[in-house]
Asker: 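This is the structure I want to talk about, given as structure tokens.
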Amino acid sequence: GTATSVNYASASGTATSGTDFTATSGTLTFLGSETSKTITVATLSDAATESAETVLMNLSSPNSGATITTSQGTGTINDNVTPGSSFAIGNATAVTEGGTLTFTVTRTGSAFSVDYATASGTATSGSDFTATSGTLYFIGSSTSETITVATIDDSTHESAETVLVNLSGANGGGITVSQGSGTINDNDP
């Protein structure tokens with residue numbers, strides 16, 4: 001019937017703070033006739049296929065004459081990656097300056113979406129190609145989607161150059177091949 005408080009703090013069990021969950025801590029205050037409070041822990045999605053993992057919640061420093069009878073609780077994070085589901089990106093067929101590189105991303109299993117972003121290999125974004133990024137969504141039974149990268153025709157004589165496309169942030173699956181490469185051939189004398 002009297003107000004009391006207790007401190008709480010999350011801890012890693014088999015799950016890792018910052019990778020599998022967001023650490024949290026604070027104080028719970030119980031007023032008068034309150035008999036329960038809730039502590040929430042945000043979990044983080046990743047592309048790894050893994051076993052169920054545990055997060056711990058520890059209680060400490062009760063005040064107002066209260067005691068702690070159970071000082072630690074356990075929460076379980078189940079994996080959201082379907083085993084055998086994955087994404088892979090292929091290399092693009094070479095093009096001449098001003099052409100469009102086409103990268104094909106394939107899906108195995110029931111994975112849902114994957115993020116992508118271009119990166120400079122030996123080619124430079126803005127002068128050799130137009131940077132692009134986004135998310136590919138695989139709907140229904142679709143097993144492949146494409147990413148296009150526009151190249152820029154310049155008047156500089158140069159060697160063949162490469163553009164990279166990187167996959168990340170898979171939803172519902174892993175990534176087996178995370179980087180594709182495309183070649184831009186020069187067309188200047």
Side-chain angles (χ1 to χ4, degrees), residues 12 14-23 41-55 76-189:
S12 295
T14 54
T16 303
S17 176
T19 302
D20 298 310
F21 70 96
T22 302
V41 177
T43 62
L44 304 172
S45 180
D46 59 30
T49 301
E50 52 202 352
S51 301
E53 298 172 302
T54 57
V55 177
T76 301
I77 304 170
N78 292 317
D79 194 23
N80 66 346
V81 176
T82 306
S85 290
S86 62
F87 296 100
I89 187 168
N91 293 329
T93 301
V95 298
T96 303
E97 289 179 333
T100 300
L101 291 166
T102 302
F103 297 84
T104 300
V105 177
T106 55
R107 168 180 80 163
T108 302
S110 61
F112 178 68
S113 66
V114 66
D115 298 332
Y116 66 90
T118 52
S120 296
T122 53
T124 303
S125 174
S127 59
D128 296 313
F129 69 95
T130 302
T132 186
S133 63
T135 302
L136 290 179
Y137 294 95
F138 289 74
I139 307 300
S141 61
S142 171
T143 58
S144 67
E145 296 290 335
T146 58
I147 301 165
T148 57
V149 179
T151 66
I152 299 170
D153 190 2
D154 61 27
S155 58
T156 305
H157 178 70
E158 54 203 349
S159 301
E161 299 172 305
T162 57
V163 177
L164 305 175
V165 176
N166 296 311
L167 299 182
S168 64
N171 184 350
I175 299 174
T176 56
V177 180
S178 62
Q179 186 175 81
S181 177
T183 301
I184 306 170
N185 290 318
D186 190 40
N187 63 355
D188 300 299

Asker: Are side-chain heavy atoms of Leu44 and Asp20 found at a separation under 4.5 Å?
Answerer: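 No. Closest side-chain heavy atoms not under 4.5 Å.
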Asker: Report the distance from atom CG of Asn91 to atom CG of Leu101, rounding to the nearest 0.5 Å.
Answerer: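 It is 10.5 Å, given to the nearest 0.5 Å.
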Asker: Name the atoms and distances for all side-chain donor-acceptor pairs under 3.5 Å in residues 168-178, with sequence neighbours left out.
Answerer:
residue	atom	partner	partner atom	Å
Thr176	OG1	Phe87	O	3.2

Asker: With heavy-atom distances below 4.5 Å as the criterion, would you say the side chains of Phe21 and Ser12 are in contact?
Answerer: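 They are in side-chain contact.
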Asker: Any side-chain heavy atom of Ile147 within less than 4.5 Å of one from Ile89?
Answerer: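 Sidechains of Ile89 and Ile147: in contact.
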Asker: If every non-hydrogen atom of Thr151 is compared with every non-hydrogen atom of Glu97, which pair is closest and at what distance?
Answerer: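 Closest pair (atom of Thr151, atom of Glu97, distance): OG1-C, 3.7 Å.
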Asker: Taking all non-hydrogen atoms of both residues, which atom of Tyr137 and which atom of Ser113 are closest, and how far apart?
Answerer: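 Answer, listing the atom of Tyr137 first, then Ser113: CD2-CB, 3.6 Å.
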Asker: How would you list, by chain and number, every residue that makes a side-chain hydrogen bond (donor to acceptor under 3.5 Å, both in side chains) with Thr104, sequence neighbours excluded?
Answerer: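 Checked Thr104 against side-chain hydrogen bond (donor to acceptor under 3.5 Å, both in side chains); zero matches.
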Asker: With sequence neighbours excluded, tell me which residues meet side-chain hydrogen bond (donor to acceptor under 3.5 Å, both in side chains) with Glu145.
Answerer: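 Glu145: side-chain hydrogen bond (donor to acceptor under 3.5 Å, both in side chains) contacts with Ser142.
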Asker: With sequence neighbours left out, write down each residue that passes side chain to side chain contact (heavy atoms under 4.5 Å, CB included) with Ala150, or none if nothing qualifies.
Answerer: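 Ala150: side chain to side chain contact (heavy atoms under 4.5 Å, CB included) contacts with Thr130.
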Asker: State, with a plain yes or no, whether a side-chain heavy atom of Thr100 is found less than 4.5 Å away from one of Val95.
Answerer: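 No, their side chains stay 4.5 Å or more apart.
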Asker: Could you tell me which residues satisfy side-chain hydrogen bond (donor to acceptor under 3.5 Å, both in side chains) with Thr135, sequence neighbours excluded, listed by chain and number?
Answerer: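 Per chain and number, Thr135 pairs via side-chain hydrogen bond (donor to acceptor under 3.5 Å, both in side chains) with Asp115.
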Asker: With distance as the sole criterion, is a donor-acceptor pair present between the side chains of Thr162 and Thr122 under 3.5 Å?
Answerer: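 The criterion, which ignores hydrogens and geometry beyond distance, is satisfied for Thr122 and Thr162.
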Asker: By side-chain hydrogen bond (donor to acceptor under 3.5 Å, both in side chains), which residues pair with Asn166, not counting sequence neighbours?
Answerer: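 If we apply the side-chain hydrogen bond (donor to acceptor under 3.5 Å, both in side chains) test to Asn166, skipping adjacent residues, the hits are Gln179.
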Asker: Tell me, do Leu136 and Arg107 make a side-chain contact under 4.5 Å, heavy atoms counted?
Answerer: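 A side-chain contact under 4.5 Å is absent here.
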Asker: Any side-chain heavy atom of Thr16 within less than 4.5 Å of one from Glu53?
Answerer: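 Thr16 does not reach Glu53 side chain to side chain.
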Asker: Where the side chain of Asp186 meets the backbone of His157, is there a donor-acceptor pair that is under 3.5 Å apart?
Answerer: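 Answer holds: no.
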